[in-house]
Amino acid sequence: QVQVVESGGGLVLPGGSLRLSCAASGRFSSISNLRWYRQAPGKGREFVASINWSDGRTNYEDSVKGRFTISKDNAQNTALLTMNNLQPADTAVYFCNTIVIGSRAGTNDYWGQGTQVTVSS
């Protein structure tokens with residue numbers, strides 16, 4: 001099995017910054033793609049950012065472009081989501097979704113438990 005764990009959430013003032021971490025561990029050969037999603041009460045789940053592990057290509061939802069940066073550490077099977085100029089609309093539970101190669105578990109799609117980000121004055 002593969003485990004995906006998010007960390008780094010918390011309470012921040014508008015305009016502040018947070019850095020989220022997503023770490024994948026377990027029995028797999030490599031990560032193929034990693035995505036961040038978020039879900040706020042009454043707003044549903046939405047895509048935030050993604051990174052391709054092979055070529056480093058990134059993609060961002062329009063509302064976070066220029067404020068959020070996704071990066072990766074291949075050796076640690078870890079991705080970071082650096083979030084700047086946070087606003088109340090960014091308040092949500094942030095989930096990491098990791099697509100892996102060689103899991104040997106009947107699936108290659110794994111989700112973390114989520115980490116809460118609250119932006120409030």
What closest approach, in Å, do [X] and [Y] show between heavy atoms, and which atom pair accounts for it?
| X | Y | value |
| --- | --- | --- |
| S121 | P14 | N-CD, 3.8 Å |
| N33 | S50 | OD1-CB, 4.2 Å |
| S120 | L13 | O-CD2, 3.5 Å |

Residues clustered with [X], ILVMFWY side-chain links under 4.5 angstrom:
| X | result |
| --- | --- |
| I99 | none |
| L86 | V2, V4, V12, L18, L20, F28, I31, L34, W36, V48, I51, W53, Y60, V64, F68, I70, L81, M83, Y94, V100, Y110, V117, V119 |
| I101 | none |
| Y37 | F47, V93, F95, W111 |

Inset, instruction - Please tell me if the side chains of S32 and N108 come closer than 4.5 Å, counting only heavy atoms from C-beta onward. - result: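 SC-SC contact between S32 and N108 ruled out.
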Non-neighbouring partners of [X] that pass side chain to side chain contact (heavy atoms under 4.5 Å, CB included), sequence neighbours left out:
| X | answer |
| --- | --- |
| S63 | R38, E61 |
| D73 | A75, Q76 |
| R19 | L80, T82 |
| D62 | K65 |

Inset, instruction - List in chain and number order the residues that pass salt bridge (Lys or Arg N to Asp or Glu O under 4.0 Å) with R67, two or more places apart in sequence or in another chain; answer none if no residue qualifies. - result: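 Scan of R67 (salt bridge (Lys or Arg N to Asp or Glu O under 4.0 Å), adjacent residues dropped) gives D90.
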Inset, instruction - Kindly write out the residues that satisfy side-chain hydrogen bond (donor to acceptor under 3.5 Å, both in side chains) with N84, not counting sequence neighbours, or none if the list is empty. - result: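 N84: side-chain hydrogen bond (donor to acceptor under 3.5 Å, both in side chains) contacts with S17.
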Inset, instruction - Output all residues satisfying side-chain hydrogen bond (donor to acceptor under 3.5 Å, both in side chains) with Q113, sequence neighbours left out; order by chain, then residue number. - result: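 Expected list: E6.
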Inset, instruction - To the nearest 0.5 angstrom, please state how far the CG atom of N77 sits from the OG atom of S25. - result: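 The distance works out to 8.5 Å.
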Inset, instruction - Calculate, to the nearest 0.5 Å, the distance between atoms CD and OG1 belonging to Q3 and T98 respectively. - result: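 Going from the CD atom of Q3 to the OG1 atom of T98 covers 11.5 Å.
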Inset, instruction - Hey, could you give me each pair passing salt bridge (Lys or Arg N to Asp or Glu O under 4.0 Å) that has a residue in residues 95-115? Not counting sequence neighbours. - result: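 As it turns out, there is no salt bridge (Lys or Arg N to Asp or Glu O under 4.0 Å) pair with a partner in residues 95-115 once direct neighbours are skipped.
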